Amino acid sequence: MTRAELEARLRADAEALESVLERTMEALCAPDLLKRSMAYSLMAGGKRLRPALCLESCRMLGGDEQAAMTAACAMEMIHTYSLVHDDLPAMDNDALRRGQPTSHIVFGEGQAILAGDGLLSLAFVLLSSLDKPETLRAAAAGAFDMVGGQCLDLTEPEDEDSLFEIHRRKTGALIRAAVLAGAHCASPAAQELEALERYCGHFGLLFQITDDMLDVTASTETLGKTAGKDAADGKLTFVKLYGLEGARMRAEACAEAAREALAPFGGRAAFFLELTEATLHRKA
Ligand code: GRG
């Protein structure tokens, strides 16, 4: 798969996702303010990475794409909830996300908390409608692990081991959940699941290391969130730990290990191979 083909596929996946998200939000029976605050963050764009991972792992294994689309919507809702809550004054206290003022700036803190609660709950309403226990279990485990990562992050890690542990949970768990939720919309063999889990471990770390690199190399405008915030807050990041060049080398090693993990899938892994390469060199 070429870079242009990858980008076209990501765009198509995102467009399909957004139209289902829009319909889902319109059909929602809830107070108008809650619907508006949930939709405000959910429909604000973003890379839609987790839905793409979910849809593409299902596709790679020849599964039920309609079920994967429902799971993909749920994954994006869980992800968006985590961003809304992470931006709250009690957490990371950020005013900009996905290129627009954060939920608590627009709706107030109470409503932002509820918008996140609503998104998380709705995700599980969708997942429970699927009658696919493994998909539900993968998403639930990922969401729970992510909360654990955030809990550890609030304790301000000081060493390398705790930084890896936090990001395995905080970033890695939802990426893994998205891939496995999609895979379970097919009938994956045990070896395929093991290979996907290995891939997710390396890809999740790659995604976080490049996220830390972008915090110091990219602009607020490009990122749609406040650039340089980690450094300004004195946070321990992979860049602080290894330096920019060291972080780049770690990212390359992660990408290489991620590619190796995909070997059992042969040509079927074309999307994931190119996504790994694109993530290594991402600019946003
Ligand atoms: C509040 C329970 C709770 C969890 C918060 C997601 C998160 C955990 C914190 C956000 C800060 C952060 C750097 C998290 C690591 C994961 C990450 C890189 C999130 C941003 O994901 P992108 O870049 O965002 O895919 P878009 O907006 O493109 O979807």
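Atoms within each ligand, like the ligands themselves, are counted from 1 in listed order. Values in this document were obtained by computation on a predicted structure and should not be read as measured data.
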For residues 202-209, tabulate all N or O donor-acceptor pairs below 3.5 Å that involve a side-chain atom, not counting sequence neighbours.
from: Q208; atom 1: OE1; to: T171; atom 2: OG1; distance (Å): 2.5
from: Q208; atom 1: NE2; to: D212; atom 2: OD1; distance (Å): 2.9

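Note: an N/O pair closer than 3.5 Å links R98 and ligand 1 by distance alone. The N/O atoms of K47, backbone and side chain alike, include one that comes under 3.5 Å of an N/O atom in ligand 1. An N or O contact shorter than 3.5 Å links H79 to ligand 1 by distance.
Nearest protein neighbour of atom 14 (C) of ligand 1, counting heavy atoms only, is K170 CE, 3.4 Å. The protein non-hydrogen atom at the shortest distance from atom 8 (C) of ligand 1 is Q150 OE1, 3.5 Å. Among all protein heavy atoms, the one lying closest to atom 9 (C) of ligand 1 is D86 CG, 3.2 Å. The nearest protein atom to atom 16 (C) of ligand 1, hydrogens excluded, is given as T171 OG1, 3.4 Å; this is a heavy-atom distance. Protein heavy atom in closest approach to atom 2 (C) of ligand 1: Y81 OH, 3.4 Å.
Within the structure, the ring-ring contact (aromatic ring centres under 6.0 Å, His included) test picks out the following pairs touching residues 126-181 (sequence neighbours left out): F164-F238, H167-F238.
Residue contact check: H85 has heavy atoms under 4.0 Å from atoms 1 (C) of ligand 1. Atoms of ligand 1 lying under 4.0 Å from at least one heavy atom of D211, given by number and element, are 13 (C), 18 (C).
In this structure, L49 does not count as a contact residue of ligand 1, since none of its heavy atoms falls inside 4.0 Å of the ligand. Distances from ligand 1 to the non-hydrogen atoms of R50 include at least one value under 4.0 Å.
Of the listed residues (G45, G224, S82, A143), the one carrying the non-hydrogen atom nearest atom 6 (C) of ligand 1 is S82.
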Q.
Determine whether D32 and R36 satisfy the following criterion, salt bridge (Lys or Arg N to Asp or Glu O under 4.0 Å), listing intermediate values before the conclusion.
A. CA-CA 6 Å; D32 185 59; R36 278 194 291 117; 3.1 Å; yes

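Few gaps surround CD on E256; more than 12 heavy atoms of other groups in view lie less than 6.0 Å from it. The number of heavy-atom neighbours closer than 6.0 Å to CZ of R97, taken from other residues, nucleotides and ligands shown, is above 12.
Tested against H184 for a side chain to side chain contact (heavy atoms under 4.5 Å, CB included), the candidates D64, L130, T135, L61 yield a single pass: T135. Exactly one of D153, D145, V147, L174 qualifies for a side chain to side chain contact (heavy atoms under 4.5 Å, CB included) with R169. That residue is D145.
At a heavy-atom cutoff of 4.0 Å, ligand 1 is contacted by no atom of H167, backbone or side chain.
You'll find the side chain of M69 reaches within 4.5 Å of the side chain of L17, heavy atoms only. Between R98 and K225 there is no side-chain heavy-atom pair separated by less than 4.5 Å.
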